[in-house]
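Read the structure below first, then the notes.
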Amino acid sequence: MQRRLCAAILSLEAIAFGLSTPVLIAVAGVGVGTAVLIGVGLLVACVLVAGLLRFRWAYAVGWAVQVAAIAVGLEVRAMVFLGLVFLALWATAYFLGAKIERERAEWTATGNFPGAPRPD
């Protein structure tokens with residue numbers, strides 16, 4: 001579950017980074033090359049990390065992507081807010097997904113599934 005939740009957040013974040021490229025150019029006055037490097041580069045990073053989440057180390061890279069999302073705010077102030085929103089979503093997906101996986105493992109080990117009828 002953690003992998004699916006985190007991949008979903010990274011996918012949404014990839015879309016936001018792709019759409020931020022023209023914003024960097026038009027609103028912030030960032031050069032086209034720099035804007036494409038930032039926007040498309042982070043888009044590609046999000047897609048790659050989402051695909052690599054089967055490896056534990058990819059979650060650390062996902063955290064680094066969140067830091068990079070906030071760092072884009074150095075160019076466009078509104079991106080700080082967007083980066084913080086995605087950081088909150090990533091953290092929620094990461095920790096809640098891990099909790100769900102732990103609880104599922106416990107239920108499987110004990111056979112005590114929530115909502116299951118109790119033997120009398």
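Every value quoted in this text rests on a predicted model; they were computed, and no experiment measured them.
The shortest non-hydrogen separation linking V30 to A35 is CG1-N, 3.7 Å. Closest non-hydrogen pair, L53 versus A7, comes out as CD1-N, 3.5 Å. Residues S20 and G39 come closest through the heavy atom pair OG-CA, 4.3 Å. Shown here for R77 and L74, the closest heavy-atom pair between the two residues is NH1-CA, 4.3 Å. Contact record, Y59 with F55: CD1-O, 3.8 Å, taken as the closest heavy-atom pair. Taking both residues in full, the closest heavy atoms of I70 and L84 are given as CD1-CD2, 3.7 Å, listed atom of the first, atom of the second, then distance.
Within the model, atoms CG of L89 and CG of L10 stand 11.0 Å from one another, a figure rounded to the nearest 0.5 Å. Atom-to-atom distance recorded for F17:CZ and M79:CE is 5.5 Å, nearest 0.5 angstrom. To the nearest 0.5 Å, the span separating CZ on R3 from OH on Y94 amounts to 14.5 Å. Remark: L43 CG to T21 OG1 distance equals 7.5 Å, nearest 0.5 Å. Here the straight-line distance linking atom CD1 of I9 with atom CZ of F86 works out to 7.5 Å at 0.5 Å rounding. Atom NZ of K99 is separated from atom CD of Q2 by 13.5 Å, given to the nearest 0.5 angstrom.
Hydrophobic clustering (ILVMFWY, side-chain heavy atoms < 4.5 Å, transitive): V76 and L37 are in distinct clusters. In this structure, L87 is not a member of the same hydrophobic cluster as I15, with clusters built from ILVMFWY side-chain heavy atoms closer than 4.5 Å. Each of V67 and V85 belongs to its own hydrophobic cluster when Ile, Leu, Val, Met, Phe, Trp and Tyr are linked at side-chain heavy-atom distances under 4.5 angstrom. Residues V36 and V44 fall within the same hydrophobic cluster, defined by Ile, Leu, Val, Met, Phe, Trp and Tyr side chains chained together at heavy-atom separations under 4.5 Å. Connection of L12 to V23 is not established within any shared hydrophobic cluster, with ILVMFWY side chains joined at heavy-atom distances below 4.5 Å, either directly or through further cluster members.
A donor-acceptor distance shorter than 3.5 angstrom exists from the side chain of R54 to the backbone of G51, with no hydrogens or angles considered.
Side-chain contact check for V61 versus L52: every heavy-atom pair is 4.5 Å or farther apart.
Note on ring orientation: taking the six-membered ring where Trp is involved, the planes of F95 and W63 are tilted (angle from 30° to 60°).
Taking Ile, Leu, Val, Met, Phe, Trp and Tyr as hydrophobic and joining them when side-chain heavy atoms fall under 4.5 Å apart, one finds L96 in a cluster with M1, L5, I100.
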